Structures are given as C-alpha cells and as structure tokens.
Student: 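Quick one: the structure is below, questions incoming.
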Amino acid sequence: MMSDTKATNSTRVPVALDGALLRRLVALRFPRGVNDFLDTWHNSTDARGRPFVKAPSNRTTVYRWFKGDLPGSSDTLIELSLLLGIDFFALMTTTCEDPAATSAKFMAALETGLWQHKSMAAFSDFFGRRIDWPPPAIGARVADGWHMFDFEHHPEIAAGVYGSFRLVFPPEPHPDIPKIVHVAYRHRPHFGGRWLQYGFVRITGTQISLVNINGGMETGSAPEATGPFTIETVFGLGPADFRLASLTPFSATGHYEPSTDPGRVGFR
C-alpha cells in the first residue's frame with residue numbers, strides 16, 4: 001500500500017469525494033436509504049463471486065463521505081464505486097481552481113507514492129507505463145468487464161495531424177450520472193510496448209469534460225446524451241496503438257480527417 005505519511009500541505013493532491021453525486025447515487029440505487037446501502041454492501045459479492053469486505057461499520061462514515069471525505073483505503077473506494085455502478089474517477093472532484101497545479105501534484109504523488117490519502121493509490125494502476133491496461137483487476141470485478149475500442153495508427157495514411165474519436169452510448173434512464181472514458185496509447189517498439197494513459201473524459205448528459213495529465217482541461221457537448229461525442233488527439237509521425245476504455249458500454253470510430261464538430265474536446 002502506498003503511504004501519504006510524508007505528504008505536506010504543499011504536495012497534497014487537492015481532491016475530495018463528490019458528496020452531492022454520492023448522495024444522489026445512494027438515493028437512486030438504494031431508495032430505502034443509507035441502512036439499505038450498508039446492508040447491501042455487507043452482503044454483496046463482485047463478478048468473481050468474492051465478497052466485498054470494506055463496508056463501513058456505521059452510518060457516520062457514509063455521512064462524512066457525503067461531505068467530501070475520502071474513504072480510508074483504495075480498496076474501500078473501489079468497492080464503493082463497484083457497488084454504485086460507477087467508475088471511481090467520476091466520484092472524485094478537485095478542491096483547487098488551478099488544473100495545472102492539481103495535475104502536477106497528482107503526477108508527483110504518482111511517482112513518489114506520497115498521496116494525500118491512501119484511497120488515492122487506486123489511481124496507480126491506471127497511470128504510468130503499463131503492460132496490461134486498463135487495469136484487469138478492476139475489470140474482473142465487474143460483470144461485463146471493460147468496454148474497449150482500439151485504433152491502430154498508420155502514419156503512411158496521415159501523420160502529425162489532429163485526428164479524432166467519435167463516441168456513442170446506448171440510451172439509458174439516467175444519462176446525468178457521469179460516465180468515464182479513459183484514453184491511452186503505446187508505441188510497440190518503445191518502452192516494451194507498454195500503454196500510457198494520457199487522460200480521460202467525463203460525460204454527463206450531453207456535456208463532456210476532458211482532463212489531460214498535463215493539466216489541460218476542455219469542455220464540450222454533443223447533440224444528444226447518446227452522442228456522438230468527439231475527442232481530438234494527435235496522430236504522430238510514427239505508428240501507434242490507441243485504446244479507449246470504459247466501464248460503461250460504448251461504441252467508437254477513429255478518424256484522420258480534422259473534426260468540424262463545434263462541441264469537440266481535444267488533447268492539445
């Protein structure tokens with residue numbers, strides 16, 4: 001387990017739980033209230049048939065989470081998100097108005113293991129060079145696993161251009177519940193062919209927010225909650241594999257032509 005015991009106020013990553021979203025999810029999934037939520041957690045198993053073991057022992061902990069407090073461990077955060085049927089990235093919110101500073105502190109914590117809170121160690125399996133990506137241990141705990149789209153970039157077709165991915169989601173009863181799509185790439189001849197996640201998008205209703213690991217952020221929109229949502233990215237001078245991954249079902253297409261979608265977001 002990574003430690004945050006040496007983190008200081010100047011290095012702590014300024015994030016918290018989105019208490020309002022958490023409260024809405026608990027009310028939506030468990031109409032009989034927090035007790036029902038806790039009882040279900042204590043008696044639930046994941047897709048592998050293994051029991052959840054990180055349920056809090058009392059309601060007080062849940063009410064602290066409603067106020068933004070983070071869970072006590074990465075396993076608790078992951079179980080919480082699995083029980084609510086949401087990617088734990090969507091449960092996080094920043095408490096700082098400077099995205100670049102937040103990103104810098106996050107990446108420093110990732111490299112050093114000095115987290116604001118032990119629950120944030122859950123991010124470690126996503127970022128940095130990874131042979132297996134997205135994290136298979138998380139996908140194995142979900143009934144349908146990870147939903148993925150792979151795109152193989154051939155520079156002889158186009159190189160050094162802003163291409164795009166267009167995402168479409170099936171209709172759902174609560175499109176205002178956020179969805180997360182993670183984005184990664186790899187150059188097979190380099191770094192042992194390991195994947196590198198360089199950002200993600202959060203989709204809520206018709207709105208899309210892009211977060212780049214360099215601190216860049218963009219917002220955009222789609223005509224419908226089902227999409228299409230357009231994400232621009234650079235297709236470089238050499239061959240590369242791109243992968244989009246989500247715990248929510250989606251379909252996607254890759255395009256070399258510059259996008260004219262006014263609601264597009266991009267990795268700049």
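Numbers here are sequence positions counted from 1. Because the structure is a prediction, the values reported are computed rather than measured.
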Student: Are any of the side-chain heavy atoms of Phe89 and Val211 separated by less than 4.5 Å?
Tutor: no
Student: I'd like to know if the side chain of Arg29 and the backbone of Leu84 have a donor-acceptor N/O pair within less than 3.5 Å.
Tutor: yes
Student: Using modelled atom types and a 3.5 Å cut-off, is there a donor and acceptor pairing between side-chain atoms of Arg243 and backbone atoms of Trp133?
Tutor: yes
Student: Over 60° means perpendicular and under 30° means parallel, so classify the ring planes of Phe88 and Phe126, tilted if in between.
Tutor: perpendicular
Student: With side chains defined as the heavy atoms from C-beta onward, is the minimum distance between Pro155 and Pro239 less than 4.5 Å?
Tutor: yes
Student: I need the minimum non-hydrogen distance between Gln207 and Ser221, along with the two atoms involved.
Tutor: NE2-CB, 3.8 Å
Student: For Thr233 and Tyr198, does a side-chain donor sit closer than 3.5 Å to a side-chain acceptor?
Tutor: yes
Student: Does the gap between the ring centers of Phe235 and Phe151 come in under 6.0 Å?
Tutor: yes
Student: Kindly check if the number of other-residue, nucleotide or ligand heavy atoms within 6.0 Å of CZ (Arg32) is above 12?
Tutor: no
Student: I'd like to know if the side chain of Thr94 and the backbone of Pro14 have a donor-acceptor N/O pair within less than 3.5 Å.
Tutor: yes
Student: Do you know the tightest heavy-atom contact between Ile208 and Gly263?
Tutor: CG2-O, 4.2 Å
Student: Is Asp69 reaching over with its side chain to a backbone N or O of Trp65, donor-acceptor style, under 3.5 angstrom?
Tutor: no
Student: Please confirm whether the backbone N or O of Gly72 pairs with a side-chain atom of Thr76, one donor and one acceptor, at under 3.5 Å?
Tutor: no
Student: Quick one, Asp125 and Ile138 - any side-chain contact, counting heavy atoms below 4.5 Å?
Tutor: no
Student: Taking all non-hydrogen atoms of both residues into account, name the closest pair between Ala16 and Gly68 and its distance.
Tutor: CB-O, 3.3 Å
Student: Do Phe66 and Tyr63 have ring centres separated by under 6.0 Å?
Tutor: yes
Student: Look at the side chain of Asp18 and the backbone N and O of Leu21, then say whether any donor-acceptor pair between them is shorter than 3.5 Å.
Tutor: yes
Student: Mind listing the closest non-hydrogen atom pair of Ala122 and Ser74 along with its distance?
Tutor: N-CB, 3.5 Å
Student: Run the side-chain contact (heavy atoms from CB on, under 4.5 Å) check on Leu247 and His147 step by step: do they pass?
Tutor: CA-CA 6 Å; Leu247 294 173; His147 303 271; 5.7 Å; no
Student: For this output row, return yes or no: ring centroids of Tyr185 and His187 closer than 6.0 angstrom.
Tutor: yes
Student: Is Asp46 reaching over with its side chain to a backbone N or O of Arg50, donor-acceptor style, under 3.5 angstrom?
Tutor: yes
Student: Are the side chain of Arg23 and the backbone of Ala20 linked by a donor-acceptor contact shorter than 3.5 Å?
Tutor: no
Student: What I'd like to find out is whether the side chain of Val168 reaches to under 4.5 Å of the side chain of Phe229, using heavy atoms alone.
Tutor: no
Student: Take Lys54 and Glu79, measure what side-chain contact (heavy atoms from CB on, under 4.5 Å) needs, and give me the verdict at the end.
Tutor: CA-CA 7 Å; Lys54 294 294 182 178; Glu79 283 193 9; 3.4 Å; yes
Student: May I ask you to decide if the ring planes of Tyr256 and His153 are parallel, tilted or perpendicular, using 30° and 60° as cut-offs?
Tutor: tilted
Student: Measuring from Asp39:CG to Ser44:OG, what's the distance to the nearest 0.5 Å?
Tutor: 10.0 Å
Student: Taking Val34 as the starting point, is it possible to reach Phe30 by hopping between hydrophobic residues whose side chains are less than 4.5 Å apart?
Tutor: yes
Student: Taking CD in Glu224 as the centre, count heavy atoms belonging to other residues, nucleotides or ligands within less than 6.0 Å. Is the count above 12?
Tutor: no
Student: Any non-hydrogen side-chain atom of Phe165 less than 4.5 Å from a side-chain atom of Leu244?
Tutor: yes
Student: Hey, does Leu38 have a side-chain heavy atom less than 4.5 Å from the side chain of Asn58?
Tutor: no
Student: Do the side chains of Trp195 and Val234 join up, straight or via other hydrophobic residues, at under 4.5 Å, putting them in one cluster?
Tutor: no
Student: For the atom pair OG1 (Thr204) and CD1 (Ile180), what is the distance rounded to the nearest 0.5 Å?
Tutor: 7.5 Å
Student: Given Thr253 and His255, is the side-chain hydrogen bond (donor to acceptor under 3.5 Å, both in side chains) satisfied, shown in steps?
Tutor: CA-CA 7 Å; Thr253 54; His255 304 268; 2.7 Å; yes
Student: Distance check, rounded to the nearest 0.5 Å: Ile86 atom CD1 versus Leu22 atom CG?
Tutor: 9.0 Å
Student: In the structure I gave you, are the side-chain heavy atoms of Leu210 and Met217 within less than 4.5 Å of one another anywhere?
Tutor: no
Student: Decide side-chain contact (heavy atoms from CB on, under 4.5 Å) for Leu82 and Phe52; before the verdict, give the C-alpha distance in whole Å, the side-chain angles of both, and the deciding distance to 0.1 Å.
Tutor: CA-CA 10 Å; Leu82 292 174; Phe52 288 162; 4.0 Å; yes
Student: So do Leu28 and His174 actually touch side chain to side chain, heavy atoms under 4.5 Å?
Tutor: yes
Student: How many angstroms lie between atom CE of Met107 and atom CG of Asn214, to the nearest 0.5 angstrom?
Tutor: 10.0 Å
Student: Let me see the working for Phe127 and Ile213 under side-chain contact (heavy atoms from CB on, under 4.5 Å), right down to the final yes or no.
Tutor: CA-CA 9 Å; Phe127 295 99; Ile213 62 170; 3.6 Å; yes
Student: On a heavy-atom basis, which atom in Leu77 and which in Ser119 lie closest, and how many Å separate them?
Tutor: CD2-O, 3.8 Å
Student: Establish whether Leu167 and Met148 are linked, either directly or via other cluster members, by ILVMFWY side-chain heavy-atom contacts under 4.5 Å.
Tutor: yes
Student: When you look at CD1 of Ile131, are more than 12 heavy atoms from neighbouring residues, nucleotides or ligands closer to it than 6.0 Å?
Tutor: no
Student: Would you call Arg264-Glu232 a salt bridge at under 4.0 Å N-O?
Tutor: yes
Student: Distance from Thr248 atom OG1 to Trp146 atom CH2, nearest 0.5 Å?
Tutor: 9.5 Å
Student: If you round to the nearest 0.5 Å, how far is CZ of Phe191 from CZ of Arg129?
Tutor: 4.0 Å
Student: Keeping Glu218 on the side-chain end and Gly266 on the backbone end, is there a donor-acceptor pair under 3.5 Å?
Tutor: yes
Student: Which heavy atom of Pro170 sits nearest to which heavy atom of Pro249, and what is that distance?
Tutor: CD-O, 3.3 Å
Student: Under 3.5 Å, is there a donor-acceptor pair linking the side chains of Arg268 and Asn212?
Tutor: no
Student: Are Lys179 and Asp87 within salt-bridge range, i.e. N to O under 4.0 Å?
Tutor: no
